Number of protein chains: 2
Amino acid sequence: MAHADEPPAEVRLPATAWAVLGILAFGEELTGYEVRQWAEHILRFFYWSPAMSQIYSELKRLEQVGYAASREVSGEDGRPRRVYAITDAGRAAASDWLAHAPVEPPALKHGPLLRVWLGHLADPDRLREVVTQHRDRSADLAAEADEARRAAAAVSGWAYPELVARWAVRYHTAERDLAARLLDDLDELVASGRAPDL
Amino acid sequence: MAHADEPPAEVRLPATAWAVLGILAFGEELTGYEVRQWAEHILRFFYWSPAMSQIYSELKRLEQVGYAASREVSGEDGRPRRVYAITDAGRAAASDWLAHAPVEPPALKHGPLLRVWLGHLADPDRLREVVTQHRDRSADLAAEADEARRAAAAVSGWAYPELVARWAVRYHTAERDLAARLLDDLDELVASGRAPDL
DNA sequence: CGTTGCATGTAAGGTGTTACATGATTAC
DNA sequence: GTAATCATGTAACACCTTACATGCAACG
């Protein structure tokens, strides 16, 4: 019963595919490698950065469903590189996804906290070490997110990425502070003698 | 060259397997169903709760490598249920994992923020809706984590779960506040007319 | 008499990673 | 020279979810 005027059949894609398409949606023709760099640049602060090989396969899939188009160009050195761009159908599909797809709740897998939760099986010094590392890494991430924020602020039309980068700075700063407070709680627990034994 | 006094060969398991083993490590004999309930009770606040079917297969794997043991008991109604308990080898392996395994950095996949990042493809009202829902869900999660904290505080020997629950309350409260601030930023952006068009 | 909860799994398939393979260019 | 970066993929595998299948008990 299909006829020509129907809207295009919706393709169900994982959020990672939309993230990759989103990178293309900022308008430039990009190689898989460059998509990866963009992901590293900003996406990683709020959305797990996919592996290189997955980016290549997502790009291939996006092209198959018509949301991206690729062409082979020769780089400065004459070697061929494949660049991808979002298509009109891709832009429409992304808009539709934003407008209508149910929003998955944030998924968190917090390795350091998992360790603390099992603290009764560990040496308290090891727990301190784990949480301290997490605190310091969070501080680094906050600083890096702030750089990304400044970079976004310098580009016109990047107001939303700038907002998200601002959120990311606050998020990782909060993570740093939460880790610091957890460290205090840990110290207090050990000092009080209420820590369950190994 | 293997001989009898070597430490047991280390088995490489995904963090989810350690999480399931960790639930058993709190000491009781549990059915797969009950493991799931514990995961829902506390784990979900800081570590993505695995699907029921995955819990069953992780339990099976843990038994295969000798970290858990199961036996069939008959429930009150006479129907058979399989209960799992951690073994000494499992406890030792979990301690070893805590002490030595590299700690994976927290993995975050933030669906709502991914949408905001692609805000130029969406209607501003839709973005408000997405972030508002996230803010309210975070508030709910903080309240639920606080209940879990109170429950943990009532059990002696649960000092570490209590610490983690306290962290979870703060974390989800922070998420709520970050969402509220993002909402303000969003409003300001739209009011200023700098929001890129659809 | 239908829904929810308890309880246990299997099968299929999708998602995502690691390892492998290749090769040029640039920086130390 | 050798390490890092650019650049592109394939193959194998591990992880994890969804859908399916089953059946009893309790509640309304």
Side-chain angles (χ1 to χ4, degrees), chain A residues 11-21 29-41 43-44 47-65 68 70-84 102 104-105 107-109 111 114, chain B residues 11-21 23 28-41 43-44 47-65 68 70-84 102 104-105 107-109 111 114:
Chain A
V11 186
R12 192 167 291 282
L13 294 173
T16 302
W18 297 111
V20 169
L21 189 61
E29 275 190 312
L30 298 173
T31 66
Y33 199 87
E34 288 165 338
V35 169
R36 176 82 207 272
Q37 288 178 317
W38 281 53
E40 282 297 305
H41 182 67
L43 207 62
R44 66 177 171 123
Y47 211 88
W48 190 250
S49 250
M52 197 64 238
S53 65
Q54 202 193 346
I55 290 176
Y56 282 114
S57 52
E58 292 296 357
L59 286 170
K60 208 168 278 184
R61 164 157 58 177
L62 289 171
E63 184 162 34
Q64 259 174 11
V65 299
S70 76
R71 61 194 186 94
E72 206 164 83
V73 300
S74 58
E76 294 139 25
D77 52 0
R79 277 185 305 145
R81 320 173 333 135
R82 181 161 297 274
V83 290
Y84 287 84
E104 330 81 70
L108 179 66
K109 283 185 159 194
L114 182 60
Chain B
V11 185
R12 191 167 291 283
L13 294 173
T16 302
W18 298 111
V20 169
L21 189 61
I23 289 173
E28 295 175 37
E29 274 191 313
L30 299 172
T31 67
Y33 198 87
E34 288 165 337
V35 168
R36 175 84 206 272
Q37 288 177 317
W38 281 53
E40 281 298 303
H41 182 68
L43 207 61
R44 66 176 171 124
Y47 212 89
W48 190 250
S49 250
M52 195 66 237
S53 65
Q54 202 195 344
I55 289 175
Y56 281 114
S57 51
E58 292 296 356
L59 285 170
K60 207 168 279 183
R61 166 159 54 179
L62 289 171
E63 184 163 34
Q64 258 174 13
V65 299
S70 77
R71 61 195 187 95
E72 207 165 82
V73 299
S74 57
E76 294 138 25
D77 52 0
R79 279 186 304 144
R81 319 170 338 134
R82 181 162 296 273
V83 290
Y84 288 84
E104 329 81 70
L108 179 66
K109 283 185 159 195
L114 181 60

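Since the model is a prediction, treat every value here as computed from it, not as a measurement. Numbered from 1 within each chain, the chains take letters A, B, ... in sequence-line order.
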[X] [atom1] - [N] [atom2] separation (whole Å):
| X | N | atom1 | atom2 | value |
| --- | --- | --- | --- | --- |
| B:Glu40 | C:dC6 | CD | P | 12 Å |
| A:Leu43 | C:dG16 | CG | P | 12 Å |
| B:Leu59 | C:dT8 | CG | P | 10 Å |

A:Arg71 meets the side-chain hydrogen bond (donor to acceptor under 3.5 Å, both in side chains) criterion, sequence neighbours left out, with A:Glu29

When you check every protein heavy atom under 4.0 Å of nucleotides 3-8 of chain D, what one-letter string (B, S, -) results, 5' to 3'?
-> --SBBB

Under the ring pair (Phe, Tyr, Trp, His ring centres under 6.0 Å) rule, collect the residues that match up with B:Trp38, sequence neighbours excluded.
->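 With neighbours one apart ignored, the set is B:Trp158.
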
Acceptor/donor pairs from residues 50-58 of chain B side chains to any protein atom, 3.5 angstrom cut, sequence neighbours excluded:
residue : atom : partner : partner atom : Å
B:Gln54 : NE2  : B:Glu58 : OE2          : 3.3
B:Ser57 : OG   : B:Ser53 : O            : 3.2
B:Ser57 : OG   : B:Gln54 : O            : 3.1
B:Glu58 : OE1  : B:Arg61 : NE           : 3.3
B:Glu58 : OE1  : B:Arg61 : NH2          : 3.0
B:Glu58 : OE2  : B:Arg61 : NH2          : 3.2

State the NZ-OG distance between B:Lys60 and B:Ser70, to the nearest 0.5 angstrom.
->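 Between B:Lys60 NZ and B:Ser70 OG, I get 10.0 Å after rounding to 0.5 Å.
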
Gap between atom CZ of A:Arg81 and atom OH of A:Tyr33 - 0.5 Å precision |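 Reported to 0.5 Å precision, the distance equals 11.5 Å.
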
Nearest heavy-atom pair of [X] and [Y]: which atoms, and what distance?
| X | Y | result |
| --- | --- | --- |
| B:Gly111 | A:Tyr47 | N-CE1, 4.1 Å |
| A:Leu43 | A:Ala19 | CD2-CB, 4.0 Å |
| A:Leu13 | A:Trp18 | O-NE1, 3.4 Å |
| B:Val83 | B:Thr31 | CG1-CG2, 3.8 Å |
| B:Val20 | B:Val35 | CG1-CG1, 4.2 Å |

Taking five pairs at each end, how big is the angle between the two axes of the helix from C:dC1-D:dG28 to C:dC28-D:dG1, to 10°?
-> 40°

Interface polar pairs with nucleotides 13-15 of chain D, N/O, under 3.5 angstrom:
residue : atom : partner : partner atom : Å
D:dC15  : OP2  : B:Arg61 : NH1          : 3.2

Less than 4.5 Å apart, any side-chain heavy atom of A:Gln37 and any of A:Glu34?
->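 Result yes, sub-4.5 Å side-chain heavy-atom pair found.
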
Nearest to side-chain heavy atoms of B:Lys60, which nucleotide of D:dT10, C:dT10, D:dT17 | C:dT10

Can you tell me if the side-chain N/O atoms of A:Trp48 get under 4.0 Å from OP1 or OP2 in C:dT17?
->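 A:Trp48 to C:dT17 OP1/OP2: side-chain N or O found under 4.0 Å.
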
